[in-house]
Structures are given as C-alpha cells and as structure tokens.
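Each chain gets a letter, A, B and so on, in the order the sequences are listed, and its residues count up from 1.
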Protein chains: 2
Amino acid sequence: MFVPMARAATTSDVFNAIAEPQRREILVLLRAGERPVTELAQELGMTQPGASKHLRVLREVGLVRDRKAGKQRLYRLDARELRPVHEWTGGFERFWNESFDRLDAYVQDLKQARRRSDRWQRQDGKRRRSQRRPTARS
Amino acid sequence: MFVPMARAATTSDVFNAIAEPQRREILVLLRAGERPVTELAQELGMTQPGASKHLRVLREVGLVRDRKAGKQRLYRLDARELRPVHEWTGGFERFWNESFDRLDAYVQDLKQARRRSDRWQRQDGKRRRSQRRPTARS
DNA sequence: CAAACATATGCCGATAACGGCATTCGTCAA
DNA sequence: TTGACGAATGCCGTTATCGGCATATGTTTG
C-alpha cells in the first residue's frame with residue numbers, strides 16, 4: 001500500500017521556518033533585542049497564541065532562544081542557522097551576476113558582431129537595433 | 001464572520017518555493033544547464049507529473065524559465081529571484097559573526113577583564129575559559 | 001491521419017499549516 | 001493560598017501541499 005505524505009520530511013527545517021512572512025518578521029523584530037511574546041504578538045497584529053506557535057517553530061529549528069525573566073519569557077535571536085541559507089543562495093550568485101540569461105549573452109554577441117561588421121561596411125544610415133524589447137508582457 | 005486562512009497570501013513567493021527540498025534540488029541540478037522534465041524527474045526519483053508540478057511552482061516565482069525544443073521543454077535556471085533571499089539572510093550576518101551570543105560576549109568581556117587584571121596581579125595559573133560550546137545539539 | 005513521445009493538468013487521499021478561541025500551566029505578589 | 005498575569009497547548013475549521021495515477025494537450029514522425 002502507498003502512504004502518500006505531504007512535504008516529505010520537510011517540516012522543521014530552516015528553509016521552511018523562514019517561508020512564513022510572519023516568522024520572518026519576528027526574526028527582524030528580534031534583531032533589536034530580546035522581546036516577550038505579547039509584545040511580538042502585538043507588533044504582528046496577531047493573538048498571543050498565534051505568536052507563541054510561530055516562536056515554537058523558530059525555536060525548534062534553532063533560530064530563536066528563550067530565557068525566563070520573571071513571569072515573562074524573553075525571546076532572542078540566534079541567527080546561526082540562517083547562515084546555511086545564506087550560503088546556499090550564495091551558491092547561485094554567479095548566475096545572477098554573470099549574464100545568467102542566454103538572451104543577454106545573445107544580445108551581447110549581436111552587438112559585438114555589429115561593431116565588427118560596421119568597421120567593414122560603413123553604409124546603412126538607418127537606425128540599427130530598434131530597442132529590441134518585444135513589447136514585454138502586457 | 002471570521003474567515004480563517006492558512007498561510008495568508010504566502011503561497012507563491014520565493015521563500016516558499018525554496019522551502020521544498022525537491023525544488024531546491026531542481027535548482028541545483030539546473031546549475032549544470034538546461035534540462036528536460038523527464039530527466040529531472042528521474043534524477044529526483046519521482047514521477048514526471050511530480051517534477052512538472054514543482055517546476056510550475058518554480059516558474060511562477062520566476063526561478064526557472066522554459067523554452068520549447070522539439071517535443072521537449074527545456075528548463076533553465078533564472079536565479080535572480082534568489083538574490084532577495086540572499087540579501088535578506090545577509091541582513092543577519094552580523095549576528096552570526098559578531099558575538100551573536102550573550103554568552104560569547106560575556107566570555108569576551110571576561111577575557112578582557114582578566115587581561116587587564118593580570119597586568120596588576122600575576123597569579124592564578126589555572127586554565128581560564130573552558131571551551132564554552134554548550135554540547136551542541138546531540 | 002495515426003502512432004509515439006514529452007509535458008501538463010485534473011483528481012484524489014493523506015496530511016500539514018495557520019489562525020482564533022478556550023483552557024491549562026507556571027510564576028509572582030498580596 | 002488565592003488572584004492576577006504571561007505564555008503554552010489543545011481543539012477546530014479552512015485551506016494548502018505533495019505525491020501518485022489517469023488523462024489531456026502538444027509535437028514530431030511515419
């Protein structure tokens with residue numbers, strides 16, 4: 001028998017944790033320093049239990065730590081686990097710098113070819129290369 | 001009446017797209033160059049429809065583009081949308097470099113204080129600071 | 001046109017995600 | 001101990017996700 005499963009063993013990894021906008025917002029807020037749950041909930045415009053649940057997820061992947069302070073529980077950032085994400089995306093850096101796009105490369109080639117041939121035949125007063133943007137999505 | 005919604009308007013942003021291990025894997029595979037769906041499906045150990053669906057998600061957030069090549073459809077990487085993620089995580093860099101941890105900061109302070117006081121009283125041959133790494137997850 | 005091949009889409013089942021509410025748990029103070 | 005307060009947990013309803021299968025769509029070739 002087949003046992004289908006949703007999102008395999010994904011749950012509870014860092015990529016998943018930061019896929020939630022509210023959780024990202026929490027991390028951003030925590031850059032300013034420790035904060036109790038209620039305060040965070042308020043800034044996020046959600047209920048306290050809601051915030052607590054997000055904080056749980058963040059805690060479980062190690063992005064956040066908590067310490068007791070009286071009856072409060074102060075959460076603070078622990079960004080170390082964000083590093084793998086940074087590095088993973090960094091592995092694609094050359095693809096967004098270096099002409100990632102065949103089209104770009106192609107256009108560059110055309111330009112070069114033009115320049116070369118221009119040196120040989122100097123006629124053709126017409127405007128060459130008429131803003132190639134093909135109407136771009138409408 | 002209340003209309004609860006799951007993951008708000010999250011769906012279909014880049015963070016969500018790369019939250020899926022298989023989709024990350026696809027991106028990695030595509031670094032090597034264009035690839036048809038079937039090939040990807042095979043390397044991922046999943047069915048062709050499965051791969052197609054992941055590719056759809058990636059396409060919708062702009063991480064991937066496709067071009068027709070005969071009866072095949074070749075997918076290629078377009079990593080530009082990965083940049084925002086890289087930059088967002090980069091915004092936390094100082095928290096994992098610079099003593100993110102109060103404990104570390106504390107230890108640093110201790111070291112400094114020691115050094116200072118050492119200049120005044122030169123005793124205490126004991127080892128100071130015993131590798132504070134707190135057992136790291138087991 | 002039909003057959004063969006490559007992809008996309010639709011449907012389904014199982015499960016996870018999110019948010020709110022009610023409630024429990026834990027801690028401090030009177 | 002009781003009351004007040006902060007935070008966590010449980011439950012529920014709604015929606016999304018993921019995977020597989022069957023099927024549709026599209027393209028090339030005979």
N/O contacts under 3.5 Å, protein versus nucleotides 25-30 of chain C?
from, atom 1, to, atom 2, distance (Å)
dT27(C), OP1, K68(A), NZ, 3.0

Checklist entry - Taking CG from L44(B) and P from dT7(C), how many angstroms apart are they, rounded to a whole number? => result 14 Å

Item to check | Length of the line joining I18(A):CD1 and dC18(C):C1', which is rounded to integer Å | outcome: 18 Å

Next on the checklist: Looking at dT17(D), I'd like to know if its phosphate oxygens (OP1 or OP2) sit under 4.0 Å from a side-chain N or O belonging to N16(B).
Outcome noted: yes

Checklist outcome for this item: Atom CG of L40(B) and atom C1' of dA6(C) are separated, to the nearest Å, by 13 Å

Item to check | ring pair (Phe, Tyr, Trp, His ring centres under 6.0 Å) partners of residues 13-44 of chain B, not counting sequence neighbours, each pair once | outcome: F15(B)-W88(B)

Checklist entry - Rounded to the Å, how far apart are E20(A) CD and dA16(C) P? => result 17 Å

Per-pair distances, 0.1 Å, donor-acceptor, side chain in residues 49-56 of chain A, under 3.5 Å, sequence neighbours excluded:
from, atom 1, to, atom 2, distance (Å)
S52(A), OG, Q48(A), NE2, 3.1
H54(A), ND1, R23(A), NH1, 3.2

Item to check | For E25(B), all residues meeting salt bridge (charged side-chain N to carboxylate O under 4.0 Å, His left out), sequence neighbours excluded | outcome: none

Checklist entry - Got a sec, which residues hit salt bridge (charged side-chain N to carboxylate O under 4.0 Å, His left out) with R24(B), two or more places apart in sequence or on another chain? => result D13(A)

Checklist entry - Counting side-chain heavy atoms from C-beta on, which of dG19(C), dA8(C), dA8(D) comes nearest to V37(B)? => result dA8(C)

Item to check | Whole-Å distance separating the CZ atom of R67(A) from the C1' atom of dA8(D) | outcome: 19 Å

Item to check | Set of residues satisfying side-chain contact (heavy atoms from CB on, under 4.5 Å) with respect to P36(B), sequence neighbours excluded | outcome: E39(B), Q72(B), L74(B)

Checklist entry - Can you find a pair of side-chain heavy atoms, one from H86(A) and one from E93(B), that are under 4.5 Å apart? => result yes

Next on the checklist: Among residues 46-62 of chain B, which ones have heavy-atom contacts with DNA chain D below 4.0 Å?
Outcome noted: M46(B), T47(B), P49(B), K53(B), H54(B)

Checklist entry - Within the pair Q72(B) and dT7(C), is there a side-chain N or O less than 4.0 Å away from OP1 or OP2? => result yes

Checklist outcome for this item: Residues at least two apart in sequence or cross-chain that pass side-chain contact (heavy atoms from CB on, under 4.5 Å) with Q42(B), listed by chain then number, are none

Item to check | Qualifying residues under ring-ring contact (aromatic ring centres under 6.0 Å, His included), relative to Y75(B), sequence neighbours excluded | outcome: none

Item to check | Y75(B) vs dA8(C): side-chain N/O to OP1/OP2 distance below 4.0 Å | outcome: yes

